[in-house]
> 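I'd like to ask some things about the structure below.
Positions are given from 1, in the same order as the sequence printed here.
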Amino acid sequence: MAGIWWYGQKKDFDLEKSYAFVKKVTKAANRAGRVRIESHGLENIPKEDGFIFFPNHQGLFDVLVFLESCPVPFAFVIKKEASNVILLKQVIAALRSIVIDREDIRQSLEVINQVTEEVKKGRNFLIFAEGTRSKMGNRLLPFKGGTFKSAVKAQCPIVPCALINSFKPFDEKSIAPVTVKLVYLPPISYMEYASMKTPQIADLVKKRIEAAIEEYGGLE
């Protein structure tokens with residue numbers, strides 16, 4: 001973690017190097033925790049940078065699943081309440097991720113605008129559309145339309161992602177090996193959602209993720 005902290009403090013920020021180091025540490029941590037990450041649909045990740053992943057949210061382990069699985073660097077938006085968790089705190093700094101205070105409307109709008117501008121410049125982000133983690137296993141909470149405002153303003157591809165059993169490593173009191181699945185679904189281009197309102201986009205993404213969770217055995 002000291003190494004991740006060091007990357008977070010560097011003035012000459014190099015996203016590729018920071019991401020590679022964080023990825024290496026994450027893989028080691030996941031192996032130590034006996035967690036296996038099973039990735040599907042990697043070919044659906046856009047070839048050009050400047051897109052946003054929208055997965056379901058199952059808990060603190062979700063970001064670590066993406067960090068091991070995803071071959072391209074990304075930053076993420078995380079709620080203030082989770083920003084001081086050990087390891088996540090260091091990762092936030094190392095990847096220049098963004099903390100959002102959902103109780104502060106002005107700050108939330110600033111985050112939307114910041115993500116929009118960074119995506120336009122070619123950075124990739126991860127945003128949890130439920131806003132808070134589901135406590136119902138692999139079943140989803142409603143997706144919030146407002147979380148898609150950055151994508152609409154940036155006119156970027158939306159990549160729905162299905163997390164399956166990501167709640168198990170931290171929630172279940174067991175040392176048994178766990179397999180967590182991450183399914184990257186085909187991206188939704190701006191042309192496909194340009195005429196839709198954000199609640200409609202939220203419903204579309206949620207339905208695609210729910211279908212993937214069922215397809216990959218998450219609702220057995």
> Do Glu215 and Val183 have side-chain heavy atoms sitting under 4.5 Å apart?
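The answer is no; the side chains never approach within 4.5 Å.
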
> Do other residues, nucleotides or ligands put more than 12 heavy atoms under 6.0 Å from the CD atom of Glu103?
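Atom CD in Glu103 is not packed in, count stays at 12 or less.
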
> For Asp101, is there any backbone N or O sitting under 3.5 Å from a side-chain donor or acceptor partner on Ser108?
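At least one qualifying donor-acceptor pair exists.
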
> Can you tell me how far apart OG1 (Thr198) and CG (Asp203) are? Round to the nearest 0.5 Å.
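Going from OG1 on Thr198 over to CG on Asp203, the span is 10.0 Å.
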
> Asp62 and Arg133: side-chain contact (heavy atoms from CB on, under 4.5 Å), yes or no, with the steps?
CA-CA 10 Å; Asp62 296 350; Arg133 74 187 187 104; 5.7 Å; no

> Could you measure the distance from the NZ atom of Lys80 to the CD1 atom of Ile100? Nearest 0.5 Å is fine.
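Spacing of NZ (Lys80) from CD1 (Ile100) equals 11.5 Å.
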
> What pairs with Phe54 under ring pair (Phe, Tyr, Trp, His ring centres under 6.0 Å), at least two apart in sequence or on another chain?
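Testing Phe54 for ring pair (Phe, Tyr, Trp, His ring centres under 6.0 Å), a comparison that skips the adjacent residues, returns Phe148.
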
> Any luck finding a side-chain donor-acceptor pair between Glu118 and Gln114 under 3.5 Å?
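Glu118 vs Gln114: donor-acceptor pair found between side chains.
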
> I'd like to know whether Leu95 forms a side-chain contact (heavy atoms from CB on, under 4.5 Å) with Leu67, so could you lay out the CA-CA distance, the side-chain angles of the two residues, the decisive distance to 0.1 Å, and finally the verdict.
CA-CA 11 Å; Leu95 299 181; Leu67 287 171; 3.7 Å; yes

> Do Ser150 and Val119 have side-chain heavy atoms sitting under 4.5 Å apart?
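Sidechains of Val119 and Ser150: no contact.
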
> Main chain of Phe51, side chain of Asn124: is a donor-acceptor contact present, judged purely on distance under 3.5 Å?
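Here the side-chain-to-backbone pair exists.
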
> Looking at Glu81 and Arg102, does any basic side-chain N land under 4.0 Å from a carboxylate oxygen?
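A salt bridge is present here (some side-chain N lies under 4.0 Å from a carboxylate O).
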
> Could you report the tightest heavy-atom contact between Tyr19 and Phe66, atom names first, then the distance?
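So the two residues come closest at OH-O, 3.9 Å.
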
> Between the side chain of Tyr193 and the main-chain N/O of Leu204, is any donor-acceptor distance below 3.5 Å?
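Such a contact is absent between Tyr193 side chain and Leu204 backbone.
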
> Mind jotting down which residue pairs meet the salt bridge (charged side-chain N to carboxylate O under 4.0 Å, His left out) criterion with at least one end in residues 22-37? Sequence neighbours excluded, please.
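Listed once each, the pairs are Arg36-Glu38.
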
> Is any side-chain heavy atom of Asn56 less than 4.5 Å from a side-chain heavy atom of Ile213?
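With C-beta onward as the side chain, the pair touches.
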
> Restricting to non-hydrogen atoms, name the atom on Val205 and the atom on Pro160 that form the minimum distance, rounded to 0.1 Å.
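Val205 and Pro160 have their closest heavy atoms at CG1-CB, 4.0 Å.
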
> Less than 4.0 angstrom from a charged side-chain N to a carboxylate O is my criterion; do Glu210 and Lys206 meet it?
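Lys206 and Glu210: salt-bridged.
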
> May I have the list of side-chain donor-acceptor pairs in residues 136-144 shorter than 3.5 Å, sequence neighbours left out?
unit_1 : atom_1 : unit_2 : atom_2 : d
Asn138 : OD1    : Gln58  : NE2    : 2.7
Asn138 : OD1    : Asn165 : N      : 2.9
Asn138 : ND2    : Asn165 : OD1    : 3.0
Asn138 : ND2    : Gly218 : O      : 2.9

> Is any side-chain heavy atom of Ile45 less than 4.5 Å from a side-chain heavy atom of Val159?
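No - every pair of side-chain heavy atoms lies 4.5 Å or more apart.
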
> Going hydrophobic residue to hydrophobic residue with side-chain gaps under 4.5 angstrom, can you get from Tyr190 over to Ile188?
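Same cluster.
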
> With rounding to the nearest 0.5 Å, note down the distance linking SG in Cys70 to CG in Leu42.
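Rounded to the nearest 0.5 Å, the SG-CG separation comes to 8.0 Å.
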
> Hey, what do you get for NE2 (His57) to NZ (Lys79), rounding to the nearest 0.5 Å?
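These two atoms lie 5.5 Å from each other.
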
> Can you confirm whether Lys153 sits close enough to Asn113 that some side-chain heavy atom of one is under 4.5 Å from a side-chain heavy atom of the other?
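They are in contact (side-chain heavy atoms under 4.5 Å apart), so the answer is yes.
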
> Is any side-chain heavy atom of Val91 closer than 4.5 Å to a side-chain heavy atom of Ser97?
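SC-SC contact between Val91 and Ser97 ruled out.
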
> Within a 6.0 Å radius of atom CD on Glu214, are there more than 12 heavy atoms belonging to other residues, nucleotides or ligands?
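No, because the 6.0 Å sphere around CD of Glu214 holds 12 heavy atoms or fewer from other groups.
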
> Could you report the tightest heavy-atom contact between Val99 and Gln107, atom names first, then the distance?
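Taking Val99 first and Gln107 second, the nearest heavy atoms are O-NE2, 2.9 Å.
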
> Glu68 and Asn30: which non-hydrogen atoms are nearest, and at how many Å?
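Minimum heavy-atom separation between Glu68 and Asn30: OE1-ND2, 2.8 Å.
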
> Does Asn44 use its side chain to pair, donor to acceptor, with the backbone of Tyr184 at less than 3.5 Å?
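The answer is yes, because a donor-acceptor pair under 3.5 Å joins these two groups.
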
> Taking all heavy atoms of Val178 and all of Lys168, pick out the closest pair and write down the distance.
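Looking at all heavy atoms of both residues, the closest pair is CG1-CB, 3.9 Å.
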
> In the structure I gave you, are the side-chain heavy atoms of Thr116 and Cys156 within less than 4.5 Å of one another anywhere?
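The answer is no; the side chains never approach within 4.5 Å.
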
> Are Phe76 and Phe128 an aromatic pair by the rule of ring centers under 6.0 Å?
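No - the distance between ring centres of Phe76 and Phe128 does not fall below the 6.0 Å cut-off.
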
> Shortest non-hydrogen contact from Ala94 to Val22?
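Heavy atoms only, the tightest pair is CB-CG2, 3.9 Å.
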
> Give a yes or no answer on whether the side chain of Lys149 reaches the backbone of Ile112 with a donor-acceptor pair at less than 3.5 Å.
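Judged by distance alone, no pair lies under 3.5 Å.
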
> For Val65, does its backbone N or O pair with a side-chain atom of Ser69 as donor and acceptor, under 3.5 Å?
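Looks like no, no N/O pair under 3.5 Å.
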
